[in-house]
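Contents: one structure, followed by commentary.
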Amino acid sequence: IGVTLFNNNKGGADEVLKQADIAMYEAKKSGRNTLQFFDPQMQAEISAHVQLEKDLRIALQQQQFQLYYQIQVNADGNAVGAEALIRWNHPEQGLVSPFKFIPLAEESGLIIPLGQWILETACAQLQAWQQDARYQHLTISINISARQFHQPDFTEAVLAVIGEYTIDPHRLKLELTESILLNDIEDTIAKMNRLKQANVLFYLDDFGTGYSSLQYLRRLPLYQLKIDQSFTRDIVQDKNDEVIVRTIIAMAHSLELGVIAEGVETREQQQALLKMGCFNYQGYFFGKPVPIDQFEQSLNSAQD
């Protein structure tokens, strides 16, 4: 039930019903079988939500997005690749957090064209790197949403972009989350196998935080597991996190999979991971996500 008070309400009957409707949806969001009174803050949040979606559509048309790159290194400290992370430079609000607009893009379906833009931009960067001996060995990993992955033409779209930019598919890594495994596992495996045949590599991102089934895991054509930063963060202090990480690494080795840890912020964390058999890392200890010019500049400085 949604309830609003119409005493001194100057908006008329339509406004009263609108407020009651908003309160009702808040009751549904709270788990149903409950009651919510209308609060002006509810309407403000909805208005902000609607405006942000409008701005997101405009951002796609006007190309207000930019990819930032976070370095990935091996046990010797050498760069092996980067994760491409999207940033939205809003003309009025400045940088908008991905935690704010990515869920909205998922909800509205805008994640489909947004994901396509990320794929094309990353492949264009790989094409540029192929022409430069300093960067030819680097890979780029991009995040693929479940909604994007389950599009009927997803495989064809990826292969088309790879062909358009004539890149080495082995340099492109697609990061999938465990939520992708929740729907139509047979279709998921078929799509992954087709892309693997084209030498595209797959990460399983945020491993250990979702719903992975070991039965499915051994059937997926994965290249690497990514240990979630929630486990890496306290690996030195928390014995439980240490045991979980050690188990993930051992399982990855048993399945002949690579493993990379994200969220590495200290040398102690990196050394602990190294002793456990994890030889690839990503995190602020090695570098924050930065625009491509800064990323390449830092690589060149390290080589000098």
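All heavy atoms count here, side chains included; hydrogens, waters and symmetry mates do not.
- A salt bridge links R219 with E186: at least one charged nitrogen is closer than 4.0 Å to a carboxylate oxygen.
- Side-chain contact check for Q64 versus I58: some heavy-atom pair is nearer than 4.5 Å.
- Hydrophobic clustering, with ILVMFWY side chains joined whenever heavy atoms are under 4.5 angstrom apart, keeps I260 apart from I235.
- Looking at F231 and D238, their side chains never come closer than 4.5 Å, going by heavy atoms from C-beta outward.
- Counting heavy atoms from C-beta outward, R87 and P289 have side chains that approach closer than 4.5 Å.
- Residues F101 and H90 fail the side-chain proximity criterion, which asks for heavy atoms closer than 4.5 Å.
- Side-chain N or O atoms of Q269 include one that pairs as donor or acceptor with a backbone N or O of E265 at under 3.5 Å.
- What you find for A252 and L225 is that their closest heavy atoms are CB-CD1, 3.9 Å.
- A distance of 11.5 Å separates CD in Q130 from CG in D132, rounded to the nearest 0.5 Å.
- Minimum heavy-atom separation, V245 to I227: CG1-CD1, 3.9 Å.
- Considering all non-hydrogen atoms of both residues, P221 and K196 come closest at CB-CD, 3.4 Å.
- Judged by distance alone, with hydrogens and angles left aside, the side-chain atoms of H137 form a donor-acceptor pair with the main-chain N or O of A79 at under 3.5 Å.
- Around CD of Q297, the count of heavy atoms belonging to other residues, nucleotides or ligands within 6.0 Å does not exceed 12.
- Salt bridge annotation for D187-K191: present, with a cationic side-chain nitrogen under 4.0 angstrom from a carboxylate oxygen.
- Looking only at side-chain heavy atoms (C-beta outward), Y68 and Q66 come within less than 4.5 Å of each other.
- Listed for the S298 side chain is a donor-acceptor partner under 3.5 Å among the backbone atoms of F295.
- No side-chain donor-acceptor contact under 3.5 Å links N78 to the backbone of N74.
- When all heavy atoms of L274 and A75 are compared, the closest pair comes out as CD1-CB, 3.9 Å.
- L159 and I144 fall within the same hydrophobic cluster, where Ile, Leu, Val, Met, Phe, Trp and Tyr residues are linked whenever their side-chain heavy atoms come under 4.5 Å apart, directly or through other members.
- A donor-acceptor contact shorter than 3.5 Å is absent between the side chain of Q294 and the backbone of P291.
- Residue Q63 places its CD atom among 12 or fewer non-hydrogen atoms of other residues, nucleotides or ligands, all under 6.0 Å distant.
- Residues N300 and E296 bring no donor and acceptor atom of their side chains to less than 3.5 Å of each other.
- When all heavy atoms of A261 and V264 are compared, the pair lying nearest together is O-CG2, 3.7 Å.
- Between Y223 and Y203, the two ring planes are perpendicular [angle over 60°; tilted spans 30° to 60°].
- Put simply, the side chain of L67 does not reach to within 4.5 Å of the side chain of L85, judged on heavy atoms.
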Item to check | Derivation and outcome, side-chain contact (heavy atoms from CB on, under 4.5 Å), residues I142 and L174 | outcome: CA-CA 5 Å; I142 61 173; L174 305 184; 3.8 Å; yes

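- Within a 6.0 Å sphere centred on CD1 of I1, heavy atoms belonging to other residues, nucleotides or ligands number 12 at most.
- A distance of 10.0 Å separates CD in E242 from OG1 in T247, rounded to the nearest 0.5 Å.
- Separation of atoms CG (L201) and NZ (K173) is listed at 6.5 Å; rounding is to 0.5 Å.
- Considering CD1 of I22 and OG1 of T4, their distance stands at 9.0 Å, rounded to 0.5 Å.
- No chain of hydrophobic side-chain contacts below 4.5 Å, direct or via other Ile, Leu, Val, Met, Phe, Trp or Tyr residues, connects Y69 to V80.
- Atom CD of Q148 and atom CD1 of I118 lie 7.0 Å apart (nearest 0.5 Å).
- Linking ILVMFWY side-chain heavy atoms closer than 4.5 Å, directly or via other members, places L172 and F202 in a single hydrophobic cluster.
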Next on the checklist: Run the side-chain contact (heavy atoms from CB on, under 4.5 Å) test on Y135 and Q125 for me, step by step, so that the C-alpha distance in whole Å, both residues' side-chain angles and the decisive distance to 0.1 Å come before the verdict.
Outcome noted: CA-CA 10 Å; Y135 312 125; Q125 187 57 57; over 6 Å; no

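- Under the ring-ring contact (aromatic ring centres under 6.0 Å, His included) criterion, the residue pairs touching residues 140-193 are F149-F154, with sequence neighbours excluded.
- With a 4.5 Å cut-off on side-chain heavy atoms, F65 and L60 count as touching.
- Residue I249 comes nearest to M276 through the heavy atom pair CG2-O, 3.3 Å, listed as atom of the first residue, atom of the second, then distance.
- Residues I292 and L126 share a hydrophobic cluster, clusters being chains of Ile/Leu/Val/Met/Phe/Trp/Tyr side chains in contact below 4.5 Å.
- Between Q282 and E262, the side chains place no donor N or O within less than 3.5 Å of an acceptor N or O (distance only, hydrogens not considered).
- A 6.0 Å sphere centred on CG of D153 holds more than 12 heavy atoms belonging to other residues, nucleotides or ligands.
- By the 4.5 Å heavy-atom criterion applied to side chains, M192 and L222 are counted as neighbours.
- Side-chain contact of E120 with Q116: a donor-acceptor pair under 3.5 Å is present, judged by distance alone.
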Next on the checklist: One pair to check against side-chain contact (heavy atoms from CB on, under 4.5 Å): T139 and W129. What are the steps and the verdict?
Outcome noted: CA-CA 10 Å; T139 62; W129 280 351; over 6 Å; no

Item to check | side-chain contact (heavy atoms from CB on, under 4.5 Å) between V158 and I162, worked out | outcome: CA-CA 6 Å; V158 173; I162 289 172; 3.9 Å; yes

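- In this structure, K226 NZ and E83 CD are separated by 3.5 Å, a value rounded to the nearest 0.5 Å.
- Dense packing is recorded around CD of Q237, with more than 12 heavy atoms of other residues, nucleotides or ligands lying under 6.0 Å away.
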